[in-house]
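Labels below follow one simple rule: chain letters A, B, ... track the order of the sequence lines, proteins then strands, and each chain is numbered from 1. These numbers come from a predicted model, not from an experiment.
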Amino acid sequence: MYNIRYVEEHIEKLKEISEKKGLSLDFQEFARLNEERKTLKGEVDELRRQKNEKGQKVGELKREGKDASHLIPELERLKEEITTKEKTLKQIQKKVTDFISWIPNRIHHSIKDEPVIIKESTKIKDFPFKPLTHIELGKSLGILDFECASHIAGSNFALYKGKGATLERALINFMLDLHMKRHGYTEIFPPFLVNEEAMFSTGQLPKMKDDMYITERDGLFLNPTAEVPLTNILANKILSMNSLPIKYCAYTACFRREAGSYGKETKGLLRIHQFNKVELVNFVHPEESYKTLEILLTEAESVLKLLSLPYRVVQLPLNDLSFASAKTYDIEVYAAGVDRWLEVSSVSNFEDFQAKRAQIRIKSEGETKHIHTLNASGVATPRLLIALIENLQTEKGEVEIPEPLIPYTGFEKID
RNA sequence: GGAGGGAUGGCUGAGUGGCUAAAAGCGCACGAUUCGAAAUCGUGUUUCCGGUAUUGCUGGAACGGGGGUUCGAAUCCCUCUCCCUCCGCCA
């Protein structure tokens, strides 16, 4: 969320960023409204000044035991005029701040027009047979039942069963332990439902509203990512310099309507309305954030490394960059059955964008300033599970559980 | 769901109608002292908006959110949110 004066002084620059991120915002209209706002603000302030001055006089006269009634009509008139003008001013002010809330975050200078593959891990292993998809394996092994899920909830929901459900749970616990014990995260178990303010702070609102599930009675949002509750833990706080960095990780179920997506992109576990994800959020000093971004990337990557899954890291191009992000790496895992690279993690630096919306600050050398926030999926399970069962399937149609996961599953293969 | 108590600056906490942007303490910043530090002393220390000008002056607004009473509200009334206590219900 930009400061109004900053917007006023950087219209061209912000217009350019908005366009690059695919938003056509009417900055001319903004400039017009803002001028109107300033004029009206001046008028209202002047009327208030007069009113305060006269009101004070009434007080003085009354204290001296004198009559002040001759001043009242003028005060009534001023009051009325202020009320009217202020109502208009408030409307304009709201329009202006609404407009500003739609301006996306700035873009880091390293961002290119095309995706850049930063690194590619182990090569994809050759199968001596045609690997099956997770949908086929899920059915034959009895561990995934999409038909059943759609009867209970609707299309594009998943139901995990037996060893499938256990494997899902094992993955979550494995990842949480990894980040907590090896990467120094504080584990959090937050609410899955969040309020509108929280959604606004992290930048999901206003832009992504159509993609959210909202509860009817209370107007609460089903969180689309643990980034929302985690980042909001520190909303409206002023932190001391030495409390940074703060690293929170959490598992939550994530809920997304995925409005507008359909077809084979959504088959099986590829894109579902409810999924599980372990999320990492970092709160850092502004000067540290790009260094932290690289660390976060390696922390997220380590999940795939430990499970020996083939993956690559892509630096997102301009037109894929999200509303709130200044720079993002995607981690994609290869899945042999569907023969595709699947996004399992987004690693982003939001710089001070979310911190400004959420008012997360530090006091440093007597001055308060906004910190930087970053997050990474560490990682999302549906596609991780796809990669796992598709890449580790045997010719007999069984799935071998990788070594580090066995203590969590309690079994070595799914058959 | 019912009854009561509460929400004030980075923190603790005073303040029941104008003299309060807000006491006091803590913290923090700068300076003095010191070889240096601690202690001590001094000064400063909320944010946003407008005007003017530039590191200042000036006007307005904000004491959980919204509304009301009043010439005038941190202070009185209503309402919402959150926290605490008690009762009820419940996994």
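Nearest nucleotide to the A/Lys41 side chain, out of B/G18, B/C49, B/C71: B/C49.
For A/Asn52, a side-chain nitrogen or oxygen approaches OP1 or OP2 of B/G60 to under 4.0 Å.
Both distances falling under 3.5 Å, in either a Watson-Crick or a G-U wobble arrangement, occur for no nucleotide opposite B/C35.
One interatomic measurement links the two molecules: NZ of A/Lys38 to P of B/U52, which rounds to 9 Å at whole-angstrom precision. Across the protein-nucleic acid pair, A/His370 atom NE2 and B/G10 atom P stand 12 Å apart, rounded to whole Å.
Between A/Arg361 and A/Lys90, the one whose closest nucleotide on RNA chain B sits nearer the 5' end is A/Arg361. Both A/Asn3 and A/Arg49 lie near RNA chain B, and the one whose nearest nucleotide falls closer to the 5' end is A/Asn3.
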Requested in this report: Take A/Tyr290 and A/His108 through the ring pair (Phe, Tyr, Trp, His ring centres under 6.0 Å) test and state the conclusion after the steps.
Outcome: CA-CA 10 Å; A/Tyr290 279 95; A/His108 191 255; 4.1 Å; yes
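In the interface, the side chain of A/Asp45 is paired with the base of B/G59 through a donor and an acceptor atom under 3.5 Å apart.
Residue A/Leu33 comes nearest to A/Ile92 through the heavy atom pair O-CG2, 3.6 Å, listed as atom of the first residue, atom of the second, then distance.
Note on A/Leu75: only backbone sugar-phosphate atoms sit closer than 4.0 angstrom, heavy atoms only; bases stay farther off. Nucleic acid contact for A/Leu239: none, since no nucleic acid atom lies under 4.0 Å from a heavy atom of the residue.
Between A/Glu53 and the options A/Lys57, A/Arg49, A/Gln56, A/Lys51, a side-chain hydrogen bond (donor to acceptor under 3.5 Å, both in side chains) holds for only A/Arg49.
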Report task. Let me have a per-nucleotide readout for nucleotides 72-80 of chain B, 5' to 3', with B, S or -, counting only protein heavy atoms under 4.0 Å. Result -> S--------
